Amino acid sequence: MASIVLIACLAILGLIIAIALFLAGGYLWWRHKRSQLQFIEPNEDEESSSYSLRAAQDIADSGNPPTKPQVPVTQAITTPLQNNINRKLNGFLSLRTPLIGVSGASQTKPQSVSSLANPGDGTTKDSANKSISMTDMYLDSTDPSENVGQIHFSLEYDFQNTTLILKVLQGKELPAKDLSGTSDPYVRVTLLPDKKHRLETKIKRRTLNPRWNETFYFEGFPIQKLQSRVLHLHVFDYDRFSRDDSIGEVFLPLCQVDFAGKQSFWKALKPPAKDKCGELLSSLCYHPSNSILTLTLIKARNLKAKDINGKSDPYVKVWLQFGDKRVEKRKTPIFTCTLNPVFNESFSFNVPWEKIRECSLDVMVMDFDNIGRNELIGRILLAGKNGSGASETKHWQDMISKPRQTVVQWHRLKPE
């Protein structure tokens, strides 16, 4: 009797072990498949259909990447499908220069950005101006402050399957981040403003000139939606026992890419934002008819931490100046415990046209302190002459040259 009980117990134990091994194998297979196929859920403001995002396998250096059928685009003969594609490319967002020539098609006039970012997601209220706003928010036209290498990639669009094909090819002259004098670089890929879903290349060990040769397919993106996205490529150095180091990044608004054919890019990487003060996104608009100058403070990023908890309590103080004389002051509300506040505050000033070139706006980002004096985080001076930098002066001049249009631009905050 005892032997029968022992045999039954051993049989039950063996069955449990077999089930556990089966479940473990199934879980590992699911993780493997999930690493190859990732899905993107549509945002609240997107269409109800689902959009998938799939990363392809590595492309062998000697082999050719898998290709998808694409619709040929010719100028000599145009089919109804091609004309439809051309109208979509040229008509969407009122681009200043058409991406594909269309015979007999009239170009629409450029529109100004009439509405700015929403507090929640940083996108524009007016969908017709969405990609223009995204371009202004993420495009940094300043030269890199230091050389952190370059990245080579290509883009093409499959109109038939509404798929964007990104090939991350190689990097060149990356800086050394490890004690060995090399780095372990990889690339993180996102389509802004969506930051939740991201893809990564494989890590290339001990090299400053990596060759990734990896292809990513962004499926289910109609050309209208794609034009409102910004491609973000961020190169990191992998560290096994600590946080990965940022090497550099590139922002490419897709509304600036000609999708009539395959495009190849060599882009200089921008160093990580390590300036002590941070950056401020603002817009300027001047209406000569009623002499109203409008400054909109949209948001700030990577502000310097002033408090013990590693955060700040930022707000912005603005002075309207004529020469060295301060005339009018405005302030935003205080945002507690954040280094990336979203202000969305607009201030209007009465400035006659004959004095618009003489006045300036002193914009100061402050840290509020309950006990002591409020500290300056950083500042900029927006002026047509003697601004705090070339970026600030250009912003003011663009505002004057484009009356009644909203000009949006990032600015690096300067210390005292």
Side-chain angles (χ1 to χ4, degrees), residues 53-67 135 138-157 164-192 195 198-218 226 229-275 279 302 391 410 412:
L53 177 62
R54 176 165 57 87
Q57 296 293 330
D58 289 355
I59 304 171
D61 292 342
S62 60
N64 294 324
T67 59
T135 301
Y138 289 104
L139 185 61
D140 186 0
S141 58
T142 59
D143 295 329
S145 56
E146 58 181 299
N147 180 23
V148 291
Q150 301 179 54
I151 187 170
H152 185 202
F153 61 96
S154 67
L155 287 170
E156 60 180 316
Y157 187 73
L164 174 68
I165 304 172
L166 165 67
K167 297 178 183 177
V168 181
L169 300 173
Q170 61 178 320
K172 186 171 70 173
E173 299 175 354
L174 302 182
K177 293 289 185 177
D178 300 334
L179 296 177
S180 60
T182 60
S183 293
D184 302 319
Y186 68 93
V187 183
R188 181 176 296 166
V189 182
T190 51
L191 278 184
L192 299 172
K195 297 181 181 180
R198 59 194 186 192
L199 296 174
E200 294 178 354
T201 67
K202 291 187 176 179
I203 301 167
K204 297 299 178 180
R205 303 283 182 176
R206 299 180 181 179
T207 178
L208 302 180
N209 298 281
R211 290 182 176 272
W212 293 289
N213 288 324
E214 294 189 39
T215 302
F216 301 95
Y217 294 96
F218 297 85
L226 199 63
R229 298 300 180 101
V230 174
L231 177 65
H232 182 208
L233 302 179
H234 198 160
V235 182
F236 286 90
D237 168 58
Y238 172 77
D239 282 323
R240 184 175 182 181
F241 300 106
S242 62
R243 187 177 180 181
D244 296 347
D245 297 320
S246 174
I247 294 178
E249 58 188 353
V250 168
F251 295 94
L252 178 62
L254 295 181
C255 63
Q256 298 181 349
V257 179
D258 183 356
F259 286 115
K262 183 176 180 180
Q263 302 292 326
S264 181
F265 301 90
W266 272 105
K267 291 286 187 180
L269 295 170
K270 299 277 186 178
K274 58 185 180 182
D275 42 2
E279 296 174 282
N302 304 319
S391 172
W410 278 104
R412 299 183 188 274

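Values reported hereafter were calculated over all heavy atoms of this structure, with side chains retained and with hydrogens, waters and symmetry mates removed. Since we're looking at a predicted model, the values are computed, not measured. All residue numbers refer to positions in the sequence shown, counting from 1.
Sequence neighbours left out, the pairs with a member in residues 173-191 that pass salt bridge (Lys or Arg N to Asp or Glu O under 4.0 Å) are Arg188-Glu200.
Trp266 contributes atom CH2, which lies 8.0 Å from atom CG of Leu169 (distance to the nearest 0.5 angstrom). The structure places CG of Asn302 at 6.5 Å from CD of Glu279, a figure rounded to the nearest 0.5 Å. From Ile203, atom CD1 reaches atom OG of Ser183 across 12.0 Å, with rounding to the nearest 0.5 Å. The CZ atom of Arg198 lies 12.0 Å from the CG atom of Leu192; values are rounded to the nearest 0.5 Å.
For the side chain to side chain donor-acceptor pair (under 3.5 Å) test, no residue two or more places apart in sequence or in another chain qualifies with Ser154. Evaluation of the salt bridge (charged side-chain N to carboxylate O under 4.0 Å, His left out) rule for Arg206 yields no partner, not counting sequence neighbours. Residues passing the side chain to side chain contact (heavy atoms under 4.5 Å, CB included) test with Leu231 are Phe153, Leu155, Leu166, Val189, Leu191, Leu233, Leu252, Leu254, sequence neighbours excluded. For Tyr238, there are no ring-ring contact (aromatic ring centres under 6.0 Å, His included) partners, not counting sequence neighbours. Phe236 pairs by the ring-ring contact (aromatic ring centres under 6.0 Å, His included) definition with Tyr186, His234, not counting sequence neighbours. For the side chain to side chain donor-acceptor pair (under 3.5 Å) test, residues two or more places apart in sequence or in another chain that qualify with Ser264 are His152.
Annotation: side chain of Lys204 is not in contact with side chain of Arg211 (no heavy-atom distance under 4.5 Å). With a 4.5 Å cut-off on side-chain heavy atoms, Thr182 and Thr207 do not count as touching. Asp237 places none of its side-chain heavy atoms less than 4.5 Å from the side chain of Asp244.
Here the closest non-hydrogen pair linking Gln150 and Leu174 is O-CD2, 4.2 Å. Across all non-hydrogen atoms, the minimal contact from Val235 to Pro185 is CG1-CB, 4.3 Å. The shortest non-hydrogen separation linking Lys202 to Glu214 is N-OE2, 2.7 Å. Shown here for Thr215 and Lys167, the closest heavy-atom pair between the two residues is OG1-CG, 3.5 Å.
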Worked verdict on Leu226 versus Phe218 for side chain to side chain contact (heavy atoms under 4.5 Å, CB included): CA-CA 10 Å; Leu226 199 63; Phe218 297 85; 5.7 Å; no
